[in-house]
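Scroll down for the structure; my scribbles are underneath it.
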There are 2 protein chains.
Amino acid sequence: MAKVKVDLKERGYDILIGSDNLAELGKLVHDQKWGREIFIITDPLVNDLYGDQVRRGFKEQVRTIELQRGERYKNLGEAGKIYDQLVKMKAHRDALIIALGGGVIGDIAGYIAATYMRGINYLQVPTTLLAQVDAAIGGKTGVNHPRGKNLIGCFYQPRGVYIDVATLATLPARELRTGLAEVVKYGVIEDADFFKFLEANAHQLNTRTFESDETKQAAFKLWQTIVLEAAKIKAKIVEKDEKEKGLRMVLNYGHTVGHALESLTRYRTYNHGEAVAVGMVAAALIASKMRMLDGEGVARLVSLLEKLELPTRIEGLPVAKLVNYLGLDKKVKAGRVNFVLPEKLGRVVIRNDVPAAVIRQVLTELGAA
Amino acid sequence: MAKVKVDLKERGYDILIGSDNLAELGKLVHDQKWGREIFIITDPLVNDLYGDQVRRGFKEQVRTIELQRGERYKNLGEAGKIYDQLVKMKAHRDALIIALGGGVIGDIAGYIAATYMRGINYLQVPTTLLAQVDAAIGGKTGVNHPRGKNLIGCFYQPRGVYIDVATLATLPARELRTGLAEVVKYGVIEDADFFKFLEANAHQLNTRTFESDETKQAAFKLWQTIVLEAAKIKAKIVEKDEKEKGLRMVLNYGHTVGHALESLTRYRTYNHGEAVAVGMVAAALIASKMRMLDGEGVARLVSLLEKLELPTRIEGLPVAKLVNYLGLDKKVKAGRVNFVLPEKLGRVVIRNDVPAAVIRQVLTELGAA
C-alpha cells in the first residue's frame, strides 16, 4: 500500500492507498487501537458490495448503520436518525465510525463523528473516485441545508483515510468521470507534469478495462497512481491551510461557476464533477480574458476534459440567473466573488476583481442564454 | 477588567472579567476584528435585561436571534431554526455570534458557531454565575438528545469570554446558588486556600447585597474575585486537557451522582448546581469510606454547602435506580464508572474501582430509599 502523510500535528493522519485491501482494515484498526466499538455508516448498495469485506477483517463486534443513497439524505433530519441509532446501540466515546461509501456518506458520517459526544474517532473509507481524491481527505464534514450545500458542518479530521481502488471497478462510468474532473483540477492548480500524465493516459482512464484479470491489474495500477498523486496534492494544500482561511481556496478552482450550475439545475442536470468541469473551463476563459492564461492552456484543458467525456459548455441556463447566484455564493468574502484563476497549467491565483462583464461574456460564450 | 489567559495556542483566548462593562464589548469586537456581521443569540428575558447594553456598543449592524428560555429548547430542532435564521439573514463565514445568556444559550450558540459553515467566530458573554465560572469557559458546546444531555456537540473554543458580574444582580437567588456549587467544586478539586476563602465569605455570598450603591460595589468586588479565581482554575485545567481525554475529568467532581440525580428526577427537582452539591457530598463520602478523605474534609464540605443553602442529601429516590443509571453514564470508559474522589480539600484523583456496595451504602446514608 502507498502512504501519504497528512501532517496536521496532533490531528495528522495517513492516507493509505492499495487495491483489494478492505479485508485488512480490521487488523489495522485493532493494531492502532482506534476504537473498541465499530460502527460502519454506509448505504445499502455499498454495504451489499463491500460491507462484508470490511466486517470480515474485524474481531470486534461491528454494527452497521445504513443511510439511504443520495445527496438529498445528507441533511440534519437523517443525521438525527443516525444519532438515535448510536445512542440506542450505546455507542460510547471510544467508538469508531467507519465511513464506507462516497462523498455523501463521508460527509455525514464525518459530521456525526465530529458531533457525537463532542467528537469520536472516524475513518474515511471512500469507495468512489470523487471521494478518494477529494472529499475524504482534509476533514471537511457536513450536511446540507435547504438553502445551501454543506452549510452545516465542521472541520474534523479522520484518524485515517483508507482507499481500495478496486472499489472503482463497480463504479458507473459517469461516477468515475465526475472524479476525474477533480483529478484534472489538481493538475491545473498545482502540477503541470501530472496534467501531462493525465493527457497521456486519458484514453485508458476513460476506458473501463476491468474485464480480464490482467487488464484489471493494469487498471488498478493506473488508478493507484492517479489517486496517489491527487492525494499528495490535496494533503499538501490541507496541511498549509487546514480550515480554508486562504490557500485552501485554490481547491475551489472550477467550483465558483460549478456550484452555481449545480444549484440552479437543482443537482439534476450536472453531477458535481461535471459542473466543476464546466466551471474549470469558465475560470480558464476568464483568466484568458484577463490576460493571465494563454489560449493554448485553455485549449489543452478543454481537450483533456473532452477526452474524458466531461462537459465543457453550459446549455440553456440564463446568464442573469447564474450571475445573480454568484452573489450568494458561500465563497463570497466581504461582498466580492472570489475566483480561482489559472496563470498557467499548474499554477493558480485567487482573484476577487473579476469584472461582472467578463463573467457574463464567458458564460455567454459557453452557451448560457 | 481582570484578564485570564486560556493558552490553547492558535485556539487560545482571554477571559475578561469586570462589572458594568457590557457596553464596551462593541469596541473590543471592532478593535479585534472578530466579525463583520454581529449576531446575538440570547433569550427573551436576558435580551430585555441586557440586549440593549450590548447592542449600544456596536457601530456594526447587530441582529438578535432569540431562543425560548429553558434547557428543553437546547435541542437539534431549535438549532435547526437558528441555522434557518442565519441563512435567511445571509450570515457569512466572517460573521460573529455572541452568546448572551446562561449555559443553555452558551451551549447552543457555541454549537451553532461550531457547525455553521464549518465554524465561525463566537464570544461567550455569560450572564449567570454558573455559566461565568464553568460553562462559558473551555469550548464545550452542544445540544441535548432525548436520551442524554449534551450528547450532540463539539469542542469549539470561543474567541473570548466576556464577563460582567453586574448581571448577577438580576439573577434569582437559586440560580446564584447553583453557580456557587461549581465554585465550591473548584476549591475542592484544586485549591484549598480558595475553599477557605469561600468558607470565610459564605455569608456574604449567600446574601443578596445589591441594595445600595455601596453594598453593590462591595458585592461586585467579591463576585469578581470569585469568578476570577474560578476562571483561573478552569482555564488551567482546560489548557492541560482541551478535549477531556483525561485530566479534565476532574471537573466532573460531583457530576457522576449529580447527573444521575438530575436525569432521574427529569431535571425538575434539582437544578444543576444542586445536583452537583449532593454529588460532591456523595463523592466525598465514597472517598472517606475508601480511606482517602478524612471526616473533617467531609464535614467542612457539607458545612460550606449548607451555609450556601445547597442541598447535601438525596430524598425519595430509589438506590437501585440510581445505581442502574450510573451504568449508562457518559463518563463510563471501557465499562467502568469513573469517580472523581477528593484525597483532601484541594486535591482529587480519578478512580474507576469504587465497589458498587460502597456506592449503594453512601446513597442510602444520604437518604436514598
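Keep in mind it's a predicted model, so treat the numbers as computed, not measured. Residue numbers begin at 1 in each chain, while the letters A, B, ... track the order of the sequences.
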Contacts under 3.5 angstrom, residues 28-35 of chain A side chains, donor-acceptor by atom type, not counting sequence neighbours:
| residue | atom | partner | partner atom | Å |
| --- | --- | --- | --- | --- |
| His30(A) | ND1 | Glu60(A) | OE2 | 2.7 |
| Asp31(A) | OD2 | Lys27(A) | NZ | 2.6 |

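Interatomic distance, CZ of Arg147(B) versus NZ of Lys90(A), reported as 8.0 Å (0.5 Å rounding). Ile152(A) CD1 to Tyr116(B) OH: the interatomic distance, rounded to the nearest 0.5 Å, is 8.5 Å. Atoms CG and CZ, on Asn150(B) and Arg118(A) in that order, are 5.0 Å from each other to the nearest 0.5 Å. Taking NZ of Lys9(B) as the start and CD of Glu10(A) as the end, the distance is 8.5 Å to the nearest 0.5 Å.
For Tyr156(A), no part lies near chain B; criterion is any non-hydrogen pair under 4.5 Å. Looking at Glu37(B), there are no atoms closer than 4.5 Å to chain A (heavy atoms on both sides), in backbone or side chain.
Heavy-atom contacts from other residues, nucleotides or ligands closer than 6.0 Å to CZ of Arg72(B) number 12 or fewer.
Here the closest heavy-atom approach between residue Gly80(A) and residue Leu76(B) is recorded as CA-CD1, 4.3 Å. Residues Cys154(A) and Ala114(B) approach most closely at SG-O, 3.9 Å, considering heavy atoms.
A search for side chain to side chain donor-acceptor pair (under 3.5 Å) contacts involving Lys81(B) returns Glu78(B), not counting sequence neighbours.
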